[in-house]
K.L.:
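Take this structure, written in structure tokens, and hold onto it; I'll ask about it next.
Protein chains get the first letters and strands the later ones, always in sequence-line order, with residue 1 at the start of each. Just so it is clear, the values below take in all heavy atoms, side chains as well, and ignore hydrogens, waters and symmetry mates.
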Amino acid sequence: MKKYNPQKIEKKWQRYWEAKKLHHTEDAIKDKDNFMLLTEFPYPSGDLHIGHWYAFATPDILGRYLTMNGYNVMYPIGFDAFGLPAENAAIQRNINPRDWTEENIAYMTKQLKSIGARFDWSRTVKTIDPNYYKWTQWIFLKFYEKGLAYRTKTKVNWCPKDKTVLANEQVISGCCDRCGTPVIQKEREQWMFKITEYAQRLLDEMNSLDWPETIKTAQRNWIGKSQGTKIKFKVHGASLNIKDPFIEVFTTRADTLFGATYIVLAPEHELIAKLVTNDCIGQVNNYLEQVKKKTEFERTNLEKEKTGVNTGAFVLNPLNGEKIPIWIADYVIGSYGTGAVMAVPAHDQRDFEFAKKYSLPLRPVVIPNQNWNFEEKAYEGEGVLSESDQFNGLKSEVAREEITEKLTENKAGFKETVYRLHDWVLSRQRYWGVPIPMIYCQSCGYQKVSEKELPIKLPELQDFKPADDGSPRGKAGNSPLARASDWMKTKCPHCKKDAQKETDTMDTFVDSSWYFLRYTDPKNKKIFASKEKMTHWLPVHHYFGGAEHNTMHLLYSRFFTKALFDLGYIDFNEPFLKRTNRGFILGPDNQKMSKSKGNVIDPDEEVKKYGADTVRMYLAFMGPYENGGPWNPQGIKGVSRFLNRAWNFVQNSQNKKRATKNDSTTELIFSKFIKEIGHDIKNSRFNTGVSGLMKLTNELERLLGQKFKLSKNYYEIYLKLLAPFAPHFAEELWQEILENKTSIHLESWPRFNKNILDKEMINIIIQFNGKTRGVIKTHKDLKEESIKAIVLNDLKLSGYLKNKSLNKTVFIQNKLINFLPNAPESRRLLPKDE
RNA sequence: GCCCGAGUGGUGGAAUUGGUUUACACGCACGACUUAAAAUCGUGUGCCGUAAGGCAUGUGGGUUCGACUCCCACCUCGGGCACCA
């Protein structure tokens with residue numbers, strides 16, 4: 001008898017599947033529905049870690065199951081290969097990022113093949129391939145033509161270590177999400193995507209998606225919709241040298257307008273210089289100097305005390321003409337709303353703290369129905385208005401509307417919706433990325449590269465280190481590409497004079513915002529993907545990935561999809577119908593795996609020890625896919641034990657007698673588990689799927705004992721149930737022991753016998769006064785009277801009925817019977833729906 | 001502070017629509033095989049109790065014949081947003 005030797009069989013079958021082109025995916029197969037199963041493509045960092053296995057091996061179970069159920073499944077793979085880590089690694093090793101990346105891709109491809117997944121390698125997409133990034137550039141141009149890509153001077157997040165700007169989404173608690181360095185703010189000209197134009201649709205069109213609530217709320221929070229009123233305050237005093245003497249504020253509490261005792265501008269507010277009175281100019285300049293020295297993180301730190309300065313200028317309350325002083329303070333954010341607020345210290349805790357510090361007046365205008373000492377704390381809830389002229393006595397919710405209406409009448413305000421979401425800064429001052437296909441001409445300004453010129457290839461550079469600082473670029477710029485002087489030279493498409501190529505490259509999130517489209521038509525030379533091919537596969541049916549992309553990649557891809565939809569290139573407006581986030585695999589010590597902690601589990605090592613099938617199955621068995629959890633070195637042994645047992649179970653059939661008498665029992669067991677395991681996989685509940693296989697094996701071993709075996713078709717079914725989880729294992733036994741001539745992975749998922757399941761005996765729970773006292777096994781659909789009779793005939797159970805007046809019953813067919821006392825206040829005794 | 005999600009044995013976790021809590025594993029204990037160990041196999045394993053029985057799904061209440069599941073309040077953990085006006 002052969003022993004289970006995964007190392008030997010796994011390589012063999014991987015080669016066999018490849019030679020037979022088993023994972024090659026056709027665009028369409030007659031009578032089959034297509035299913036696109038997607039997992040986020042990996043970054044070629046150099047080595048596959050256990051998280052990669054979790055990302056690719058576990059969804060593969062679903063892919064194989066769907067294939068067996070008659071779907072034409074595409075499970076594509078590619079590499080998200082531009083980006084900072086490659087560049088930093090290449091700088092460290094003094095090699096070219098392309099070489100480093102290509103080497104990693106080659107190595108990781110080998111590792112990925114060891115998983116035994118159904119990847120269709122013929123559709124591989126690499127973002128660094130000019131045939132791919134040609135279309136990244138093309139899409140940029142289409143967006144530019146529509147005004148969805150634009151260049152502007154803006155305050156941006158600058159990472160001093162990586163020497164590049166970062167998108168808002170890439171700043172985590174004030175630090176660079178790649179290297180953890182505190183981010184500073186810089187004023188620069190940058191290329192932007194107008195994602196804010198889609199804010200409302202990104203909110204609305206999410207509702208129908210089958211996504212976890214956590215992601216939806218994360219995106220809603222990120223978009224941060226806020227409905228309120230914009231109010232114009234006229235600036236008071238003729239000496240001011242301003243054309244349009246208004247300060248605009250945004251508020252969600254227009255009802256507190258009469259309680260506004262001062263106005264606050266963010267330190268970067270553009271009107272400050274024009275407003276400040278002569279006697280205040282010294283203090284104000286001083287203050288602005290101090291604020292400038294602080295990082296954004298320090299400024300927005302909630303712990304710190306608010307600081308500010310008076311400008312000496314005033315505005316007028318638009319409804320009663322009251323004179324209100326204008327202050328500058330660091331607790332107002334320049335980039336949100338209008339960068340200015342009306343301060344209502346009686347009804348806003350922040351304003352309250354500031355007012356107390358600088359002795360500014362408080363005026364309560366919303367009176368709560370509980371006690372409130374307005375000298376102690378702001379009251380931020382709803383109430384009834386007072387000291388608010390004609391609005392006195394109104395409920396604050398109503399006053400909000402009426403005051404806004406009044407302001408609209410007076411042309412001093414209007415209803416407004418404000419979003420927290422910012423436009424996406426896409427340009428990067430680094431080498432290893434897609435060149436932005438724009439040309440700068442001194443006389444004509446920025447011009448787009450003509451489509452015929454695409455792709456603008458990334459030039460080979462000896463020195464590709466980032467420039468030392470992020471100072472605003474001159475004509476030549478300071479991105480590494482600015483050193484490629486020959487490459488930069490070009491003609492202006494407009495005036496034909498000498499001009500220069502744009503030297504910034506794109507954020508890698510641009511590359512990954514559309515890669516899934518390319519899988520449907522990876523070699524197309526005319527368009528990023530043909531509509532016809534896309535209709536076969538898109539939108540993606542099920543997308544597996546990491547939670548770190550909740551407000552980044554997932555949001556960006558949704559934006560790209562909507563924009564391409566509006567441009568008419570695709571026929572759907574949401575990219576991913578269903579999303580499952582995977583959990584994090586931790587070290588055995590329940591800590592994040594890291595080399596310094598010495599708790600790293602190397603998947604290659606585990607494969608060497610136990611085989612790929614065991615690793616796959618253990619990952620599936622650990623727990624719900626969304627949870628992840630600590631790697632348990634004992635736990636994987638359990639799975640290894642199981643596969644060995646299953647191996648012997650099938651092998652032993654060779655030298656055992658056939659069992660015939662138990663055929664209906666066998667069929668019942670199989671029916672039960674075919675149904676159960678299929679149900680589990682379909683719902684991505686891989687852990688209970690594995691336990692189902694274990695239960696099935698336990699039951700069969702118990703049934704057969706030492707002597708008996710099943711008929712061959714049952715062993716076939718048994719292996720088919722295992723095939724999605726342990727594809728090599730199942731293939732080996734299928735072909736070598738059961739002597740089939742074609743792959744098990746071309747087989748259909750076994751059918752279960754519904755009739756036999758319907759006839760299965762069931763357990764009826766027997767309760768007395770709500771307490772479970774026994775269980776009886778019966779046929780289905782027995783009537784209450786028959787169950788009662790069984791209970792009365794049962795020695796033990798009937799004992800409970802003596803001496804007690806248990807003469808009421810609750811009876812739920814096929815579930816339970818509950819005997820109850822006929823209590824005087826006895827309430828409803830029938831189930832709710834009767 | 002606001003918004004999501006989750007709390008079940010020593011551990012990972014099961015429990016279709018409210019209906020036997022703790023499936024399947026891990027660990028542990030005992031036993032078999034062995035000169036021995038490993039491996040393998042078998043038995044047991046929520047807590048208290050000799051037992052009958054009682055008590056247990058973060059805590060406290062509620063709805064219900066019956067609650068891990070539904071409702072209310074609180075506690076703890078994980079995540080998102082955060083001087084967002």
K.L.:
With a non-hydrogen cut-off below 4.0 angstrom, is A:Asn698 in contact with a base, only sugar-phosphate, or nothing?
P.N.:
sugar-phosphate

K.L.:
Give A:Gln219 one of three labels, base, sugar-phosphate or nothing, depending on what nucleic acid heavy atoms sit under 4.0 Å from its own.
P.N.:
nothing

K.L.:
With sequence neighbours excluded, what pairs up with A:Ala340 under the side-chain contact (heavy atoms from CB on, under 4.5 Å) test?
P.N.:
A:Ile247, A:Val249, A:Leu265, A:His269, A:Thr338

K.L.:
If the C1' atom of B:U76 is compared with that of B:C83, how far apart are they to the nearest Å?
P.N.:
28 Å

K.L.:
Considering only the C1' atoms, how many Å lie between B:U21 and B:G13, rounded to the nearest integer?
P.N.:
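Between the two C1' atoms, the distance is 13 Å.
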
K.L.:
List for me each residue that meets salt bridge (charged side-chain N to carboxylate O under 4.0 Å, His left out) alongside A:Asp758, sequence neighbours excluded, and say none if there are none.
P.N.:
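Partners of A:Asp758 by the salt bridge (charged side-chain N to carboxylate O under 4.0 Å, His left out) criterion, ordered by chain and then number, come out as A:Lys754.
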
K.L.:
Please state how far atom CG in A:Asn818 lies from atom P in B:G18, giving the value in whole angstrom units.
P.N.:
17 Å

K.L.:
How many whole angstroms separate atom NZ of A:Lys306 from atom C1' of B:A85?
P.N.:
12 Å

K.L.:
Between the base of B:G19 and the side chain of A:Gln767, is one N or O donor paired with an acceptor at under 3.5 angstrom?
P.N.:
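Result: at least one qualifying N/O pair found.
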
K.L.:
A:Glu213: which residues meet the salt bridge (charged side-chain N to carboxylate O under 4.0 Å, His left out) condition with it, sequence neighbours left out?
P.N.:
A:Arg220

K.L.:
Rounded to the nearest Å, what distance is computed from the CZ atom of residue A:Arg702 to the P atom of nucleotide B:G42?
P.N.:
10 Å

K.L.:
Which is true for A:Arg641 with a 4.0 Å heavy-atom rule: it touches a base, it touches only sugar-phosphate, or it touches nothing?
P.N.:
sugar-phosphate

K.L.:
Under the side chain to side chain donor-acceptor pair (under 3.5 Å) test, which residues partner A:Lys675, sequence neighbours left out?
P.N.:
none

K.L.:
Taking B:G19 as the reference, what is the distance to B:A29 when you measure between their C1' atoms (whole Å, please)?
P.N.:
35 Å

K.L.:
Among B:U16, B:U20, B:C83, find the nucleotide with the atom closest to the side chain of A:Asn763.
P.N.:
B:U20

K.L.:
Pick the P atom in B:C55 and in B:G42, then give their distance to the nearest Å.
P.N.:
36 Å

K.L.:
Polar atoms only, N or O, under 3.5 Å: list the protein pairs with nucleotides 45-48 of chain B and their distances.
P.N.:
none

K.L.:
Report yes if the side chains of A:Val366 and A:Leu385 come closer than 4.5 Å at any heavy-atom pair, otherwise no.
P.N.:
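Yes - at least one pair of side-chain heavy atoms lies under 4.5 Å apart.
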
K.L.:
With a 4.0 Å cut-off on heavy atoms, is A:Val418 in touch with a base, just the backbone sugar-phosphate, or nothing at all?
P.N.:
nothing

K.L.:
Can you work out whether A:Arg645 or A:Val341 has the more 5'-proximal nearest nucleotide on RNA chain B?
P.N.:
A:Arg645

K.L.:
What is the distance from CG of A:Leu555 to P of B:C81, rounded to the nearest Å?
P.N.:
12 Å

K.L.:
Nearest to the A:Arg350 side chain among B:C24, B:C84, B:G19, which nucleotide is it?
P.N.:
B:C84

K.L.:
Can B:G46 be described as syn, meaning its chi torsion is within 90° of 0, or is it anti?
P.N.:
anti

K.L.:
Summarise how protein sits on nucleotides 5-15 of chain B as a single string, 5' to 3': B when a protein heavy atom is under 4.0 Å from the base, S for sugar-phosphate-only contact, - for no contact.
P.N.:
S------BSSS

K.L.:
From CE of A:Met617 over to P of B:C26, roughly how many Å is that when rounded to an integer?
P.N.:
13 Å

K.L.:
Whether A:Glu268 and A:Lys292 form a salt bridge (side-chain N of Lys/Arg under 4.0 Å from carboxylate O of Asp/Glu) is what I want to check.
P.N.:
no

K.L.:
Given atom CG of A:Asp255 and atom C1' of B:A85, what is their separation to the nearest angstrom?
P.N.:
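That distance rounds to 13 Å.
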
K.L.:
Using the C1' atom in both, what is the distance from B:C41 to B:U59, to the nearest Å?
P.N.:
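It works out to 45 Å between them.
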
K.L.:
Less than 6.0 Å separating the ring centroids of A:Phe354 and A:Tyr331?
P.N.:
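That pair passes the under 6.0 Å test.
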
K.L.:
What pairs with A:Phe374 under ring pair (Phe, Tyr, Trp, His ring centres under 6.0 Å), at least two apart in sequence or on another chain?
P.N.:
A:Trp372

K.L.:
What residues form a side chain to side chain donor-acceptor pair (under 3.5 Å) with A:Ser396, not counting sequence neighbours?
P.N.:
A:Glu382

K.L.:
Quantified in whole Å, what is the P atom distance between nucleotide B:C70 and nucleotide B:A15?
P.N.:
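Result for the P pair: 14 Å, nearest Å.
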
K.L.:
What residues, two or more places apart in sequence or in another chain, satisfy side-chain contact (heavy atoms from CB on, under 4.5 Å) together with A:Glu548?
P.N.:
none

K.L.:
Got a sec: does the NZ of A:Lys682 have more than 12 other heavy atoms crowding it under 6.0 Å?
P.N.:
no

K.L.:
Can you figure out which of B:C83, B:U20, B:U40 approaches the side chain of A:Thr772 most closely?
P.N.:
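Per side-chain heavy atoms of A:Thr772, the pick is B:U20.
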
K.L.:
What distance, rounded to whole Å, do you find between the two C1' atoms, one in B:G53 and one in B:A36?
P.N.:
47 Å

K.L.:
Taking salt bridge (charged side-chain N to carboxylate O under 4.0 Å, His left out) as the test, write out the residues that go with A:Lys695, two or more places apart.
P.N.:
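By the salt bridge (charged side-chain N to carboxylate O under 4.0 Å, His left out) rule, A:Lys695 matches no residue at all.
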
K.L.:
B:A85, OP1 or OP2 - any side-chain N/O from A:Tyr331 closer than 4.0 Å?
P.N.:
no

K.L.:
Please give, in whole Å, the distance from B:A23 P to A:Leu693 CG?
P.N.:
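In whole Å, B:A23 P lies 18 Å from A:Leu693 CG.
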
K.L.:
Enumerate the side-chain hydrogen bond (donor to acceptor under 3.5 Å, both in side chains) contacts for residues 628-646 of chain A, please, sequence neighbours excluded, ordered by first and then second residue.
P.N.:
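Residue pairs passing side-chain hydrogen bond (donor to acceptor under 3.5 Å, both in side chains), neighbours aside: A:Arg645-A:Asn698, A:Arg645-A:Glu701.
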
K.L.:
Quick one: label A:Gly337 by what it contacts on the DNA or RNA (base, sugar-phosphate, nothing), any heavy atom closer than 4.0 Å.
P.N.:
nothing

K.L.:
Using heavy atoms to find the nearest nucleotide of RNA chain B for A:His679 and A:Glu701 separately, return the residue whose nucleotide is more 5′.
P.N.:
A:His679

K.L.:
Could you spell out the base pairing of RNA chain B in dot-bracket, with Watson-Crick or G-U pairs whose two distances are under 3.5 Å, [ ] crossing and | to another strand?
P.N.:
(((((((..(((......[....)))((((((.......))))))(((....)))..(((((..]....))))))))))))....

K.L.:
Is the distance between the ring centroids of A:Tyr4 and A:Phe729 less than 6.0 Å?
P.N.:
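Yes: the rings meet the under 6.0 Å criterion.
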
K.L.:
Measuring only the C1' atom in each nucleotide, how far is B:C28 from B:U11? A whole number of Å is fine.
P.N.:
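To the nearest whole Å, 11 Å.
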
K.L.:
Rounded to the nearest Å, what distance is computed from the CD1 atom of residue A:Ile812 to the C1' atom of nucleotide B:G19?
P.N.:
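About 8 Å, once rounded to whole Å.
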
